[in-house]
**Q** 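Take a look at the following structure, please.
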Amino acid sequence: MKDLKGFIDRNSVLPLYFQVKEYLRSQIQSGHYKPDELIPSERELSEEFEINRLTVRQAINELVQEGLLYRQRGVGTFVSTPKIEQPLTKLTNFSTDMQNRGAVPGAQVVSIQVIPSTKQVAAQLRLETGEEVLEIVRVRTADGEPMALERSYLVYELARPLHGMDMENVSLYEMLERYCGLKLVKAVQTIEVAAVYPEEAGILEIGQHDAAMLIERTTYAEGLDRPVEYVRSLYRGDRYKFTIEMNV
């Protein structure tokens with residue numbers, strides 16, 4: 001490792017830990033430290049910077065909190081894989097979002113079945129409790145890595161042609177437009193932090209106590225004044241983030 005003490009300005013108004021943090025950030029963003037690569041230890045960094053290990057530890061702790069680094073007990077500190085960013089200003093589907101970011105989208109089917117609607121689903125779709133809905137449960141992937149567990153509920157009388165179709169690695173919204181004549185034009189969406197059940201953690205390849213986001217969306221089609229779809233998606237908090245553009 002190269003001599004790093006020249007990167008520290010001891011006369012600066014910026015705290016030493018902050019200077020170390022910004023140096024490490026620049027190394028990550030430039031690609032010098034690559035995703036899932038082990039960075040130098042606190043001892044190595046403190047020796048190279050010629051500063052206290054506690055100062056280095058504070059810098060690393062803050063980068064871990066920001067999601068740029070992660071720790072493995074007994075092994076060391078690694079560079080995190082960059083999160084996939086999705087804007088919330090436009091109605092898009094998962095497949096398009098991934099393609100726009102250069103990733104290959106995928107959808108692994110867990111189950112497809114016609115079921116009586118629960119009270120919650122019926123309320124979202126403006127149905128009577130017990131009316132039939134088409135439930136499609138899929139794991140959404142990017143470059144083969146699981147990103148979200150998606151449960152879509154569709155008004156069965158509108159989405160009937162999809163029942164029995166192969167929904168593996170296809171866009172649901174494109175299928176709705178092609179086979180059901182439903183062009184989705186708007187949605188109401190909420191986002192909240194959610195707990196993960198053991199089976200969900202296993203599917204998403206995360207720890208049971210890892211962060212996750214629950215996205216609920218009610219979607220409307222062109223020419224209809226009623227919802228077509230209600231979807232509950234559980235997204236990995238370590239691989240996904242949402243952005244909102246606001247204007248004054």
Side-chain angles (χ1 to χ4, degrees), residues 84 86 91-99 103-192 194 196-206 212-224 226-236 239-240 242:
I84 293 173
Q86 179 182 336
L91 177 59
T92 59
N93 59 55
F94 182 91
S95 298
T96 300
D97 286 335
M98 295 304 104
Q99 290 167 349
V104 178
Q108 301 170 1
V109 175
V110 177
S111 65
I112 301 178
Q113 57 185 334
V114 179
I115 63 171
S117 59
T118 63
K119 184 176 180 180
Q120 179 188 14
V121 171
Q124 294 290 337
L125 294 175
R126 299 183 191 172
L127 299 172
E128 295 293 329
T129 301
E131 283 192 64
E132 289 184 331
V133 293
L134 179 61
E135 180 193 57
I136 303 175
V137 182
R138 301 189 299 175
V139 179
R140 307 311 310 266
T141 63
D143 292 335
E145 182 181 13
M147 292 288 164
L149 178 60
E150 178 184 271
R151 292 182 173 88
S152 295
Y153 301 92
L154 301 161
V155 177
Y156 184 56
E157 64 176 286
L158 299 175
R160 189 185 301 268
L162 299 187
H163 189 207
M165 283 192 172
D166 182 6
M167 300 299 293
E168 196 91 4
N169 297 323
V170 299
S171 165
L172 174 58
Y173 287 6
E174 290 179 5
M175 297 286 281
L176 283 169
E177 185 169 359
R178 181 182 306 172
Y179 296 104
C180 304
L182 298 171
K183 182 178 181 180
L184 304 183
V185 293
K186 70 173 184 177
V188 177
Q189 184 165 283
T190 63
I191 304 174
E192 61 182 301
V196 181
Y197 291 108
E199 61 272 21
E200 295 172 331
I203 289 172
L204 293 175
E205 299 179 5
I206 60 175
M213 294 178 291
L214 174 63
I215 316 297
E216 294 185 85
R217 176 190 283 186
T218 304
T219 316
Y220 296 77
E222 188 175 67
L224 295 177
R226 60 181 294 187
V228 170
E229 175 204 40
Y230 168 58
V231 60
R232 291 172 55 88
S233 300
L234 193 64
Y235 280 81
R236 289 176 54 164
R239 294 291 285 112
Y240 228 85
F242 294 86

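Any value given below was found using the heavy atoms of this structure, including those in side chains, with hydrogens, waters and symmetry copies removed. Residue numbers count from 1 along this sequence.
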**Q** Go through the structure and list residues passing salt bridge (Lys or Arg N to Asp or Glu O under 4.0 Å) with Glu205, not counting sequence neighbours.
**A**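 Salt bridge (Lys or Arg N to Asp or Glu O under 4.0 Å) list for Glu205, sorted by chain: empty.
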**Q** List the residues meeting salt bridge (Lys or Arg N to Asp or Glu O under 4.0 Å) with Glu157, not counting sequence neighbours, and say none if there are none.
**A** Arg226
**Q** CE/Met167 to CD1/Ile136 distance, rounded to the nearest 0.5 angstrom?
**A**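 If I round to the nearest 0.5 Å, the distance is 4.0 Å.
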**Q** Shortest non-hydrogen contact from Tyr153 to Val133?
**A**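 Scanning both residues completely, I find the closest heavy atoms to be CD2-CG2, 4.2 Å.
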**Q** For Thr141 versus Pro146, what's the shortest heavy-atom pair and its separation?
**A** CG2-CA, 3.9 Å
**Q** Please confirm whether the backbone N or O of Leu204 pairs with a side-chain atom of Arg236, one donor and one acceptor, at under 3.5 Å?
**A**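 Pair found, side chain donor or acceptor close to backbone of Leu204.
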**Q** Working to the nearest 0.5 angstrom, can you tell me the gap between Tyr220 OH and Lys186 NZ?
**A**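 With rounding to 0.5 Å, OH (Tyr220) is 6.0 Å from NZ (Lys186).
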**Q** Got a second to check how far Met147's CE is from Leu234's CG, nearest 0.5 Å?
**A** 13.5 Å
**Q** List the steps, then state whether side chain to side chain contact (heavy atoms under 4.5 Å, CB included) holds for Ile215 with Ile191.
**A** CA-CA 5 Å; Ile215 316 297; Ile191 304 174; 3.5 Å; yes
**Q** Under 6.0 Å from the CD atom of Glu199, do we count more than 12 heavy atoms belonging to anything else shown?
**A** yes
**Q** Quick test of your reading: applying side-chain hydrogen bond (donor to acceptor under 3.5 Å, both in side chains), list the pairs with at least one residue in residues 114-125, sequence neighbours left out, ordered by first then second residue.
**A** Gln120-Tyr230, Gln124-Thr218
**Q** What donor-acceptor contacts under 3.5 angstrom involve side-chain atoms of residues 176-183, with partners at least two apart or in another chain?
**A**
none

**Q** Dump the intermediate steps for side chain to side chain contact (heavy atoms under 4.5 Å, CB included) on Val121 and Ile115, then the final yes or no.
**A** CA-CA 11 Å; Val121 171; Ile115 63 171; over 6 Å; no
**Q** Anything under 3.5 Å between a donor and an acceptor, one on a side chain of residues 104-114, the other on a protein residue two or more places apart or in another chain? List them.
**A**
from   : atom 1 : to     : atom 2 : distance (Å)
Gln113 : NE2    : Glu135 : OE1    : 2.9

**Q** What's the spacing between Leu149 CG and Ser233 OG if we round to 0.5 Å?
**A**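 Leu149 CG to Ser233 OG: 8.0 Å, rounded to 0.5 Å.
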**Q** What is the distance from atom CD of Glu132 to atom CZ of Arg160, rounded to the nearest 0.5 Å?
**A** 7.0 Å
**Q** Going by the rule salt bridge (Lys or Arg N to Asp or Glu O under 4.0 Å), which residues pair with Glu200 if we only count those two or more places apart in sequence or in a different chain?
**A** Arg151
**Q** So, for Asp166 and Glu168, which heavy atoms are closest and what is the spacing to 0.1 Å?
**A** OD1-N, 3.0 Å
**Q** What is the minimum heavy-atom distance between Ser152 and Leu172, and which atoms define it?
**A** OG-CD2, 3.7 Å
**Q** Of all heavy-atom pairs between Arg140 and Val170, which one has the smallest distance, and what is that distance?
**A** NH2-O, 4.1 Å
**Q** Measure across His163 and Leu134 and return the closest heavy-atom pair with its distance rounded to 0.1 Å.
**A**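 Where His163 meets Leu134 most closely, the heavy atoms are CD2-CD1, 4.0 Å.
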